[in-house]
Amino acid sequence: MLDGRSVIHFCANSIVSEDVLHCLYEIGCRIKRPFIIHRAMATVPSDGFVIMIGDYPSDWVKDRPSINLGKPCHELTDSDWIENLDRLERQHNLLQLALMLLGFHQEHAAPLDSMGRISPGGNRLVVGDKILHPWLELIAAEVWARALKAGCPDIEPHQPWRRDRIHLCMTHDVDGPELFSLFATMRSGYLGLIRNDKYERESFLMSLLMRREGAPDPYFNFDLWREYESILGGRSTFFVYPGRISSGKWHRKDPKYSPEGKNINTALRRAVDSGWEVGTHFGICSHGVNSYAQARKHLNSTVYTTVIGGRSHYWKMNWKNPYETWRNMWAAGYSYDMTLSPMTLGFRGGFMLPISPAYRWQSESSLEFCAVPTAIMDAYTVPRNVHCSQSDMDHKLDLLLDFAQDQGAPLVLDWHVRTFINRGTWAGYLGSLVYLLTEAQKRGGVSLISGEQMVSQWREHVGLTYKGTL
Amino acid sequence: MRENSAAGTHQIIVLASSENTYVQKVVENLCHMGWPPYLVFIGSSSERHVARFNSLLRIKRQLGWMEVYKRLRRVGAMKRGANVAYATSTLAELSEKFNFKIENHVLINSGSAMLNMMELNNPVCVLAGCGVVDRSVIRSAGGGCINGHPALLPGLRGVDVIPWALAEGKSVGVTAHKVVESVDAGNIILKREVQRNSGENFIDYLQRVECSQAQVLADAVVSVANGTAVESIHDLSGSVLKFAAPDHVWREAELAFYRNDG
């Protein structure tokens, strides 16, 4: 039985909006101490420290150790991170800011591109590199700092990940894993010879010369990635396209392989047998509960695994309402999704830790579905792709590592399987990964984890801290 | 002779796009100095062809197709024009005698080359003719990445630096330096001027510069491996980046070379 002082009490007196309660839940998870959410003040114990939102009778508040999240940010004058907010944002209070982030308000006004996505320029957080900051985590830290100042007992936090090292969640989207395929060779030939792309030209040459030499396909790097990660003492997740499924629609930019293909199937089964994870790389137009479920079932039977996670090809989801996508994935049996990316470096929703979207539609027992932001994808770190100097790029990566260290939170990386060749089209793709790893090593050490491991560790943390909604 | 995989010493690995006299000389020098490499990576024929193609394309882009033709003609003439033959052992012979491994890599700068380096304990990586290396290779060489450059640094960085130096009336020499992400910009470990011998022809002189470069590189590598290297900061304000030299620069260089002989 927890006593009132070893738990933080969030109170949203008579505010029935699930958005608000979800917000308090996510803040509570990030404060990393045991917490309970109260829908009404009547259930709050008299000796508990309360973090309140809304209005309360003065005699209830009087002499009760508490803070109210209603103060606008511009009045929080002793917090450095507030400086990075713009004038409009500073009019809001901490809860309102958190609500905006979890509601993806920073993208609401943005138009969709031809693939139904929002370009980085459409996300207000991209301005001034605010997209590189974990705002929700900073808000939670601010809330906790204010609570301590107001007399909250300094409860020992639960750390989901060791604080003496940087944690990197390593994932690999499996797109075009074979250069020797006719499509890949012709594509590189066209782009290299007709469109004069020197990197594609080298890939085209590589395809012709290496095939003649009898060398292995330079893009088929499943085993090499596993060897690399084994040396680093970790594991990773391969997000695999399930092939064309009857309940989905094919898009011309969908991957051209299927997991039944002999080489790929063997490589994936070997990976699974060695402890690596396989997840679903959803087709661009294959969404909805049926498509997600069919994809999962197909991969389960083809690769002899139990798929629990997914990521959409080309980051395709319902960008205007991600919660709808996540609800469908949850209904199809998935435990996590890593599609959340702003299509550039950083945190699309302004948070770096997983969120539990299921809070908005289900009881506590199913708060197992996590939406996990992907912070760094290989192509976004290569200066020639993003028109940025190497030193500016390194500076952004350093900032992300700094936050990973400060928050004790993993960064989710996405390095495509084919990029291990580091030549041709993918020249330089490994450089940033090695930079991240060596810089993380300098910060005390690096731990590589798979998507499944990250989510499992987060859920354990939530299980230890979240004590329910009354 | 030092054990090439003795515990506690830096392991030396040599990277080269192909087996040629330069890498043979570098490896031979290391072996004779008692520091045989642990591993020599040689690129495949695909790597060779890709590198050659990229080099010619670079010349074409910078100088045009006629210069590509002239370059090919000059390379052929230089192969035929040498009077002095430097005898070297093949890598296979050296490997047998000094007990190091040779591994063929389909492509230098690939992840698999980096993987091999990671399995070693802070290797010193010697670049013996492999083009520009990627930062993944540089960062994976825990003991440092060292290159030989046929010019005195600070001075001329980039390619074709010998004809550029001669044509501009500068001294010719060789430098061994630490490799950083910017071309030929790392700290300087060792350098040596190479003066012409009386009566020496231009092609033989170029060969001798290459020999000297191989020796200076080996000397520098050994000093890094045994911890005695003294690096000097490379002040880039004193260096200029050079690109492919047009044929007329080569001709001016040759004229200047013979003119200086009186």
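Below, chain A is the first sequence line, B the second, and so on; all start at residue 1. The analysis underlying the following values was restricted to heavy atoms, covering all of them including side chains, and did not include hydrogens, waters or symmetry mates.
Listed by sequence position, A:Leu224, A:Glu227, A:Tyr228, A:Ile231, A:Leu232 are the residues of residues 217-236 of chain A in contact with chain B, using a 4.5 angstrom heavy-atom cutoff.
For A:Leu430 against B:Gly111, the heavy-atom pair with the smallest separation is CD1-CA, 3.5 Å. Scanning all heavy atoms of the two residues, the minimum distance from B:Arg135 to A:Gly431 falls at CG-CA, 3.4 Å. When every heavy atom of A:Val434 is checked against every heavy atom of B:Ser140, the shortest pair comes out as CG1-OG, 4.3 Å. For the residue pair A:Arg423 and B:Asn109, the shortest heavy atom distance occurs at CD-CB, 3.9 Å.
Comparing A:Gln390, A:Met206, A:Lys198 by heavy-atom pairs within less than 4.5 Å of chain B, the highest count is held by A:Gln390. Counting heavy-atom pairs closer than 4.5 Å to chain A, the top residue among B:Met114, B:Glu181, B:Glu119 is B:Met114.
Using a 4.5 Å cut-off between heavy atoms, B:Leu57 touches chain A through its side chain atoms alone. Proximity to chain A (any heavy atom under 4.5 Å) is restricted, for B:Asp134, to the side chain, taken from C-beta onward.
Other residues, nucleotides and ligands contribute at most 12 non-hydrogen atoms within 6.0 Å of the CZ atom of A:Arg187. For CD of B:Glu96, the number of neighbouring non-hydrogen atoms (other residues, nucleotides, ligands) closer than 6.0 Å is 12 at most. The environment of CZ in A:Arg211 is crowded: more than 12 heavy-atom neighbours from other residues, nucleotides or ligands sit within 6.0 Å. Residue-environment remark: CE (B:Met66) stays at or below the threshold of 12 foreign heavy atoms within 6.0 Å.
In this structure, OG in B:Ser110 is found 5.0 Å from CD1 in A:Ile421, a value given to the nearest 0.5 Å. We find the OH-OG distance between A:Tyr429 and B:Ser136 to be 14.0 Å, quoted to the nearest 0.5 Å.
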Under the criterion side chain to side chain contact (heavy atoms under 4.5 Å, CB included), I'd like the reasoning laid out for B:Glu47 against A:Glu213: C-alpha separation, chi angles, the key distance, then a yes or no. CA-CA 11 Å; B:Glu47 170 72 76; A:Glu213 202 177 352; over 6 Å; no
Derivation of the side chain to side chain contact (heavy atoms under 4.5 Å, CB included) call for B:His49 and A:Leu205: CA-CA 9 Å; B:His49 292 314; A:Leu205 270 179; over 6 Å; no
